[in-house]
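Here is the structure we will look at, set down as C-alpha cells.
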There are 2 protein chains.
Amino acid sequence: MTDPIRVIVADDHPVILGGLVSMLESDPGISVVATAADGAALVAATRQHACDVVVTDLRMPGTGGADATRQIRRAAHPPRVLILTTYDSPADVMQAVEAGASGYLLKAAQPREILAAVRAVARGERAMSPAVAQRLSQLQDSEQLTAREVQVLRLMRAGGTNASIGAELGIGAATVKTHVQHIFDKLGVRDRTSAVATGIDLGLLSA
Amino acid sequence: MTDPIRVIVADDHPVILGGLVSMLESDPGISVVATAADGAALVAATRQHACDVVVTDLRMPGTGGADATRQIRRAAHPPRVLILTTYDSPADVMQAVEAGASGYLLKAAQPREILAAVRAVARGERAMSPAVAQRLSQLQDSEQLTAREVQVLRLMRAGGTNASIGAELGIGAATVKTHVQHIFDKLGVRDRTSAVATGIDLGLLSA
DNA sequence: ATTCCCGTCAACCGATCGGCTGATCCGCCG
DNA sequence: CGGCGGATCAGCCGATCGGTTGACGGGAAT
C-alpha cells in the first residue's frame, strides 16, 4: 500500500465542496489536505500544502479555475489539475486544456468515475468524459474565431448593424462585413441570427 | 423543542446530493427521511414517506423538478417544495413558481441560507433569494410571449427567414412578420438577432 | 525571403428585413 | 351582446443584409 493521494479541492458552492470532500475522503487511498472557495485561495493553498492532484471548479468568483490552473502549473513540481464543473461548453473545455488541466469531468459524473479520474491523473494519465470530448470536437470542427471576430460577434448579439459595430470598434462598415463573413464561414451558418445562437451554444459569448 | 423537520432531497448529481444530505443532517432540527435522483423517484418517495419539505433540483433526467412539484402538490396534505438549482433563468423560476414551489434558491447559496430557507418554507413562508427575485422581475417586465410567438422565435434562432418559417408552420410570410413584430415589442428589441439573444437569456429557448 | 493569416477597406446587387397601416376571423369573458 | 386579444393575411418602402471579388499592409512562421 502506497501513501494516499494528496488532494486539494476548490469550489465556490459550499454544498458541493462539502459533498466532494466527504466523497473523496471516503476513499482510503485519497486524502484531502486543503480546500478553497475561489481561484486565488486555491493557488495559495497549493503553495502551502504539498499535493498530488487539484480538483477544481471552473467558474468561481474572482480568479477562475482556468487562471488558477495556469498559475499552479507554473510551479516547479506542479500537481495535476482535474477540472470538475457543471458546464461542458467547448470554449470552457478548450480554455481548461490550454491552461494545462489533465482532466475534465462533469459534476453529473458518478462518484466512482470521479475517484477513478483522480487516481488516473495522479498517475499522470488524462481523464475526460466522453460527453466532454465530443463537445470539444465540436469546437475544433468549427475552427476558432479570432479575437477580433469574437468582438464583432458580441456586438452582433447586442443587435448592432454592421455600421454601428464599425463605429463602436473604430473601423469601417466594410471591414465589419468581412469579419461577419468569416464568422459565418467558420461557424457554418448563413445569417447573423444563427451565428449568435451557435456562438452562445459554443460558449464563445457567455464567458 | 418540537419534532425535527422531515425533509426529502432530490438531485441527479450524486456529489451534490451527498453534500446536501450531510449539510441538512448537520442541523439537529432537520431530518432527511429519503433521497431521490430524479423526479419520478421523488414523487414516489413523497408517497412512501411523510415529510414536511421537499428540497429538489429543477433539471433532472426524465421527470424534471417542475413536473415533480406539480404532482407532489396535488396530494391531500402536500409538503412544501423548495427548489435548489444552479440556474436562475426567469423562465425556470416562473415555471417552478407556477408549479407550486414555495421557495427558489441557487446552489451558490451559503449553507445557513439554505437551512434558513428550509425552516421558513416548513413554517409556510416563502423563500426566494434576492438575485432570483430580480431575475424573475425581468421576465414580468417583458410580458410573456404566446405559444405561437415562442415557436416563431425558435425557428428564428435556427436562422430561418420569414418565408421559410412560414412554410415550416404552414402560414404565410406576412403572418410571420406580424409575430416577429410582436416579439420585438415584447422583448424590447429591434432586430431578430438580439431577439434570439434575449430569448436565450430569458430561458425561453433553452427548455 | 516568401508564404500565410489577420485586419483593414471598396463596390455592386439581389434578397431580406423592419416599420407602418389596416383588415378578417375566432374564441373567451364580462 | 360587445369588446378584447390572438392568429391570420396584405401592401408599401427605405434600410440593411448576405454574397462576391478584389485589394493592401503588417506580423508571424518556415
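In the text below, chain A, chain B and the rest are named by the order of the sequence lines, each starting its count at 1.
Nucleotide C:dT16 holds its C1' atom 11 Å from the CG atom of A:Asp191, rounded to whole Å. A:Phe184 has its CZ atom 9 Å from the P atom of D:dC17, to the nearest Å. In this entry the distance linking CG of A:Asp185 with C1' of D:dG19 reads 10 Å, nearest Å. The interatomic distance linking A:Arg190 (CZ) with C:dA15 (C1') rounds to 12 Å, in whole Å. Between A:Arg192 atom CZ and C:dT16 atom P there is a gap of 16 Å when expressed in whole angstrom units. Between B:Asn162 atom CG and C:dC17 atom C1' the separation is 7 Å, expressed in whole Å. The distance between atom CG of A:Leu145 and atom P of C:dC6, rounded to the nearest whole Å, is 10 Å. When rounded to the nearest whole Å, the span between CD of B:Gln181 and C1' of D:dC12 equals 14 Å.
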Polar atom pairs between nucleotides 5-9 of chain D and protein, under 3.5 Å, N or O only, would you list them?
unit_1 : atom_1 : unit_2   : atom_2 : d
D:dA7  : OP1    : B:Thr146 : OG1    : 3.4
D:dA7  : OP2    : B:Thr146 : OG1    : 2.8
D:dT8  : OP1    : B:Arg148 : NE     : 3.2
D:dT8  : OP1    : B:Arg148 : NH2    : 2.7
D:dT8  : OP2    : B:Arg148 : NE     : 3.3
D:dT8  : OP2    : B:His179 : NE2    : 2.6
D:dC9  : OP2    : B:Gly172 : N      : 2.4
D:dC9  : OP2    : B:Thr175 : OG1    : 2.8
D:dC9  : O5'    : B:Thr175 : OG1    : 3.2
D:dC9  : N4     : B:Thr178 : OG1    : 2.8

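Looking at A:Asp201 and A:Thr198, their side chains never bring a donor and an acceptor atom within 3.5 Å of each other. In this model, no donor atom of one side chain and acceptor atom of the other lie less than 3.5 Å apart for A:Arg154 and A:Gln151.
In this structure, B:Val93 and B:Tyr87 have side chains that are not in contact, with every pair of non-hydrogen atoms separated by 4.5 Å or more. Annotation: side chain of B:Gln71 is in contact with side chain of B:Thr63 (closest heavy-atom distance under 4.5 Å). Using a 4.5 Å cut-off on side-chain heavy atoms (C-beta onward), B:Leu187 and B:Leu202 make contact.
For B:Lys177, whose side chain is taken as the heavy atoms from C-beta onward, the closest listed nucleotide among D:dC12, C:dT16, D:dG18 is D:dC12.
The backbone N or O of B:Ala197 sits nowhere less than 3.5 Å from a side-chain atom of B:Ser194 that would complete a donor-acceptor pair.
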